[in-house]
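In listed order, ligands and their atoms are each counted from 1.
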Amino acid sequence: MSSPRFSEPIYVTRPLLPPLDAVQARLAEVWTARWLTNDGAQTVALTEAIAGHLGAPHVSLFNNGTIALLAAVRALGLTGEVITTPFTFPATPHAVSWSGATPVFADIDPVTMTLDPVAVEALVTPRTTGILAVHVYGIPCDVRGLQTVADRHGLKVIYDAAHAFGTTIDGVGIGTFGDASMFSFHATKLFHTAEGGALACRDPETRALVDQLKNFGILNQEEVGPVGINGKMNELQAALGLAVLDCVPEELRKRQAIIARYRERLAGVSGVTLMPEPSGVRSSGQYFVIRIDAQAFGRSRDEVHEAFKRENVMTRKYFFPLCTDYACYRDLPSAAPGRLPVAGRVVQEVLCLPLYGTLALDDVDAICDLLTGFRR
Ligand SMILES: Cc1ncc(COP(=O)(O)O)c(C=O)c1O
């Protein structure tokens, strides 16, 4: 057997690590303040910085994105049925189920891979209270289409914007659409706090309720209002986040150069579709995803994934399988495969290619050469 193209594994992503001395300087401030959690100076500063970065004024920081999503579902009073996408990370439907509501899965758009507003509207019943849509890979949902459906039926809209930190539509921050948007700051995200997340809320009232909910529902020293949870970001996470945020513009520039190289090298390869670049959209640079049409390419996505692995390139089949294939959801009526034909096709085709700032352009070229070489 010949040796792999890369002697060391090339992972799909690598965490963005700021210079250690920048992190240490922030940590020194935490030590001086002797304040480790509950809205310390680092959390206050990061909240302001994130709100400015996202162009979304009403931001609340969390210990992770999943708890933020739970708080959004609770704050907006979603009960009964919530329409969502099967093509996502399990945290999305879990946030609905953990809140005691039922996720109802609707099909996705064949190009953007995000919830199809027509499919959503067809599933609205008297029990429906909201829509939980995902800007998958940072590609914006049809925000106007979904809002139209929501307005017509009196529904709330939550966006899972875990992948969409920094995405804008015609210059408008993605976190300003819908009633609330969740951002994940997990280590695999371009901007991260190791673990963490945020909710961008439509108005200050929702943000105030969310702030209560993430702190056990505590109103003051003697009163608890709503049934809350512990979702607070701590000062160590926020200090790391402030140091990471300083590195985000440079990381994004490097990722954009890598994405441009992938696009240049892979454009026109028969059987390969590149993730869409909708006009007016600034991308988050979170993922670079291709789709493999097995017939036209001569090899299936799974074969390409395995072939890359043999060359030490660790691509990922994000998001495979569909959430509707998991044991906890597969028996729901809306999970029947025949009802989700587009998602069923897309999930067999998608492949995430390596993307992180320190990935050399020569390595990107080598990955593209490998891919074109796999074609039959
Ligand atoms: C689409 C999506 N939603 C939710 C989450 C969960 O976010 P967190 O890991 O911050 O809880 C993730 C993954 O991290 C995700 O990819």
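- Proximity annotation for atom 2 (C) of ligand 1: of A162, A68, P93, A162 comes nearest, heavy atoms only.
- In the model, N220 has a side-chain atom that pairs as donor or acceptor with a side-chain atom of E223 under 3.5 Å.
- Among all protein heavy atoms, the one lying closest to atom 6 (C) of ligand 1 is T66 OG1, 3.5 Å.
- Considering backbone and side-chain atoms together, S184 places an N or O closer than 3.5 Å to an N or O of ligand 1.
- Heavy-atom distances between E195 and ligand 1 stay at or above 4.0 Å for every pair.
- Close approach to G196 involves these atoms of ligand 1, each under 4.0 Å from a residue heavy atom: 10 (O).
- With no hydrogens or angles considered, no side-chain donor-acceptor pair links K232 and N234 at under 3.5 Å.
- The option from H94, H135, K189, H186 that lies nearest to atom 13 (C) of ligand 1, judged by heavy atoms, is K189.
- Considering backbone and side-chain N/O atoms, F185 never comes within less than 3.5 Å of an N/O atom of ligand 1.
- Distance from atom 3 (N) of ligand 1 to its nearest protein heavy atom, with residue and atom name: D160 OD2, 2.6 Å.
- Checking only distances, H163 does come within under 3.5 Å of ligand 1, N or O to N or O.
- At least one side-chain heavy atom of R261 sits less than 4.5 Å from a side-chain heavy atom of D365.
- Annotation: R144, atom CZ; neighbour count of heavy atoms from other residues, nucleotides and ligands within 6.0 Å does not exceed 12.
- Side chains of M113 and V350 form a contact here, defined as non-hydrogen atoms less than 4.5 Å apart.
- Heavy-atom contacts of M182 reach the following atoms of ligand 1: 3 (N), 4 (C) (cutoff under 4.0 Å).
- Between E195 and F185, the closest side-chain pair of non-hydrogen atoms is not below 4.5 Å.
- Proximity of L209 to T206: side-chain heavy atoms (C-beta onward) are nowhere separated by under 4.5 Å.
- Residues I367 and L371 fail the side-chain proximity criterion, which asks for heavy atoms closer than 4.5 Å.
- Evaluated for a salt bridge (Lys or Arg N to Asp or Glu O under 4.0 Å) with E251, the options K254, R255, R253 yield exactly one hit, R255.
- In this structure, atom 12 (C) of ligand 1 lies nearest to the protein heavy atom F89 CD2, 3.4 Å.
- Within ligand 1, counting atoms from 1 as listed, the ones closer than 4.0 Å to a heavy atom of A91 are 4 (C), 5 (C), 6 (C).
- Residue T88 approaches ligand 1 through these ligand atoms, each under 4.0 Å from one of its heavy atoms: 1 (C).
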